[in-house]
S.K.: 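Please read through the structure below; I'll follow up with questions.
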Amino acid sequence: MQGQALPGFRDSYPEELALRNYIFTTWRDVARRYGFQEYDGPPLEPLELYVEKSGEELVQQLYTFEDRGGRKVALRPEMTPTLARMVGARAQALKKPIRWFSIPQLFRYERQQRGRLKEHFQLNMDIIGEPGPAADAEVMAAALDTLRAFDLGPSDVRLRVSDRRIVAAHLAARYQVSGTELPGVLAGLDKWDRNPAETDAILRKVLGNDTRVGPILGFMSGLREQADALQRLPVAEPLNECCSRLEAMGLRQFVEVDFRIVRGLAYYTGVVFELFDAGNSLRAICGGGRYDDLLKEISGIDLPCVGFGMGDVVLGELLREHGKQPEAPTQLDAFLVAVGGEDVDPVLKLASQLRGGGLAVEYALRNQPIRKQLELAAARGAPRAVIIGPDERKAKVAIVRDLKTGRQRKVSLAKVRKGIFR
RNA sequence: GUGGCUGUAGCUCAAUCGGUUAGAGCGCCGGACUGUGGCUCCGGAGGUUGCGGGUUCGAUUCCCGUCAGCCACCCCA
């Protein structure tokens with residue numbers, strides 16, 4: 001064993017790369033259908049770009065080092081700061097709302113496990129400059145349509161939506177949770193599903209040993225039942241508008257309002273959502289939301305944003321599980337077979353002509369029995385073999401053999417040269 | 001970063017209680033098959049049993065360490 005890729009990094013063999021390319025192609029196609037334009041930035045950024053806004057926790061997971069010029073740099077862990085910088089630099093000139101997408105390779109330094117490597121590709125779609133729920137709905141629709149484009153439906157994937165403003169308003173009105181307490185309480189809510197004991201601990205830390213802890217815990221445990229009541233609050237108007245837009249787009253059956261969705265990132269300010277597989281056995285496929293203050297913090301330009309990220313790792317696992325991998329496309333148009341050594345030059349000539357005409361053509365690189373050459377042709381998935389031997393050359397024809405059916409016929413060389421095989 | 005489980009050929013797995021030369025199927029290469037693939041038969045390559053140490057006459061097997069993978073936590077790109 002000559003060693004392997006660094007832990008958490010992938011060698012992509014042709015079969016795996018084909019899946020990734022299929023994912024990328026589909027992503028780009030959906031983005032195009034939604035009128036998004038593609039952008040990109042550097043994979044390596046100054047460390048400060050992330051340290052300033054992200055705080056220590058994310059910094060611990062940054063893939064950082066010092067370059068030869070003594071600069072502290074980081075492999076980008078997310079695209080949003082880069083996006084903010086780019087938009088900020090041209091904010092005056094860009095027509096709003098801005099619809100941009102990107103497929104960056106992102107990095108983190110952290111122990112890998114299933115669905116989470118040190119490196120992945122992530123579709124990012126963002127709408128910048130539009131504060132209303134129409135943009136929220138548009139972005140969610142794009143996320144859902146991406147999964148529909150992979151032939152996944154409401155029984156395969158679910159979109160869970162919440163709005164931090166609703167939860168915050170309720171917590172403030174009912175339990176007098178202040179603005180400074182809110183992030184901590186939301187962090188507690190975020191833990192509720194996985195680790196209620198920790199939720200308790202967090203609440204006690206944020207609120208002190210306060211009489212509100214018990215009632216707030218009760219509120220969290222009953223959130224599902226109270227969803228309807230929360231949606232009737234006036235602050236729920238944007239979320240409701242968002243849902244009705246999704247309904248008008250025919251996507252309502254994917255959507256569940258679930259106020260337990262918080263999202264870990266602190267910068268979300270409104271609607272937040274996550275996309276899960278229906279079996280709930282994988283990590284979130286996609287997560288996003290509204291982050292109206294972030295651009296201002298990074299670039300000084302005050303523009304509201306909403307967007308999501310969708311990684312290729314979990315999505316790839318999901319596609320595998322559902323058998324939605326694309327069949328390997330036939331790459332060759334023809335495999336040329338030279339019967340004897342004297343037939344090699346004519347085969348080379350024909351290969352050159354066909355390739356010149358844009359066709360994909362392969363032939364054996366060694367003189368081999370026809371049997372061997374046909375075996376290779378079949379293994380390559382070629383739809384047909386074109387056989388040239390002394391008899392064929394004399395008659396100015398080639399034998400075109402259909403490798404699926406085994407049927408074959410003689411076709412004039414003049415036609416074959418033009419890529420006509422029948 | 002913390003804890004638990006697991007590491008035998010490219011893949012899936014065998015190997016008695018610790019026993020002598022670590023096997024099989026698939027895949028790969030070649031042959032039977034000299035102008036026709038898929039089937040069949042035969043042969044071959046491919047292993048420091050993840051790595052290092054310990055116990056033992058003897059370790060794939062037991063112990064320790066380490067690395068890697070998986071799972072959970074942390075965190076959630």
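In the text below, chain A, chain B and the rest are named by the order of the sequence lines, each starting its count at 1.
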S.K.: Could a donor-acceptor pair under 3.5 angstrom be found where the side chain of A/Glu392 meets the base of B/G35?
M.R.: yes
S.K.: With A/Asp343, which of A/Arg393, A/Lys394, A/Lys349 fulfils salt bridge (charged side-chain N to carboxylate O under 4.0 Å, His left out)?
M.R.: A/Arg393
S.K.: Considering only atom C1', compute the distance from B/G23 to B/A14 and round it to an integer number of Å.
M.R.: 7 Å
S.K.: Using atom P in both nucleotides, what's the gap between B/C33 and B/C26 to the nearest angstrom?
M.R.: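 Taking atom P in both B/C33 and B/C26, they lie 22 Å apart.
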S.K.: On the side chain of A/Gln408, is there an atom forming a donor-acceptor pair with the base of B/U36 - under 3.5 Å, no angle test?
M.R.: yes
S.K.: Flag the pair A/Arg165 and A/Asp292 as a salt bridge only when some basic side-chain nitrogen lies within less than 4.0 angstrom of an acidic carboxylate oxygen.
M.R.: no
S.K.: Determine the interatomic distance between P on B/C42 and the same-named atom on B/G35; round to the nearest Å.
M.R.: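 Comparing P positions in B/C42 and B/G35 gives a spacing of 27 Å.
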S.K.: Can you tell me how far C1' of B/G35 sits from NZ of A/Lys372, to the nearest Å?
M.R.: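 Value for this atom pair: 16 Å.
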S.K.: What integer number of Å spans the C1' atoms of B/C29 and B/A68?
M.R.: 30 Å
S.K.: Roughly how far apart are A/Glu110 CD and A/Gln61 CD, rounded to 0.5 Å?
M.R.: 4.0 Å
S.K.: Categorize A/Lys191 for me: base, sugar-phosphate, or nothing, with a 4.0 angstrom heavy-atom threshold over every strand shown.
M.R.: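 Sugar-phosphate contact only.
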S.K.: Tell me the interatomic distance from A/Lys410, atom NZ, to B/G35, atom P, rounded to whole angstroms.
M.R.: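 One finds 16 Å between P of B/G35 and NZ of A/Lys410, rounded.
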S.K.: Mind calculating the distance between CD (A/Glu375) and C1' (B/C39) to the nearest angstrom?
M.R.: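 So the two atoms are 12 Å apart, to the nearest Å.
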S.K.: Expressed as a whole number of angstroms, how long is the span from A/Leu332:CG to B/G37:C1'?
M.R.: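 A/Leu332 atom CG is separated from B/G37 atom C1' by 15 Å.
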S.K.: Mind checking the C1' distance from B/G25 to B/G46? Whole angstroms is fine.
M.R.: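 Taking atom C1' in both B/G25 and B/G46, they lie 15 Å apart.
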S.K.: Mind calculating the distance between CZ (A/Arg114) and C1' (B/C5) to the nearest angstrom?
M.R.: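 Nearest whole value for this atom pair: 17 Å.
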S.K.: When rounded to the nearest Å, what value does the distance between P atoms of B/G4 and B/G10 take?
M.R.: 31 Å
S.K.: Students often get this wrong, so: under 4.0 angstrom with heavy atoms, is A/Gln373 touching a base, only sugar-phosphate, or nothing?
M.R.: nothing
S.K.: Check this for me: does the side-chain of A/Arg401 come within 3.5 Å of the base of B/U36 through a donor and an acceptor?
M.R.: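 Side chain to base: pair present.
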S.K.: Does NZ or CZ of A/Arg99 come closer than 6.0 Å to the centre of the six-membered ring of A/Tyr34, within 45° of the ring's axis?
M.R.: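 No, A/Arg99 and A/Tyr34 do not form such a contact.
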S.K.: Could you tell me whether A/Arg76 contacts a base, only the sugar-phosphate backbone, or nothing, with contacts defined as non-hydrogen atoms closer than 4.0 Å?
M.R.: nothing
S.K.: Between the side chains of A/Arg76 and A/Glu45, is the shortest nitrogen-to-carboxylate-oxygen separation below 4.0 Å, so that they form an ion pair?
M.R.: no
S.K.: Looking at A/Gln113, does any N or O in its side chain come under 4.0 Å of the phosphate oxygens OP1/OP2 on B/A72?
M.R.: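 Yes, because at least one side-chain N or O of A/Gln113 sits under 4.0 Å from OP1 or OP2 of B/A72.
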S.K.: A/Pro7 or A/Ile370: which one's nearest nucleotide on RNA chain B is closer to the 5' end?
M.R.: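 Taking each residue's closest nucleotide, the earlier one in sequence belongs to A/Ile370.
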S.K.: By nearest nucleotide on RNA chain B, pick out whichever of A/Ile387 and A/Arg366 is the more 5' one.
M.R.: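 Result of the comparison: A/Arg366.
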S.K.: Does the base of B/U34 carry an N or O that pairs as donor and acceptor with the side chain of A/Arg371 under 3.5 Å?
M.R.: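 Per atom types, no contact qualifies.
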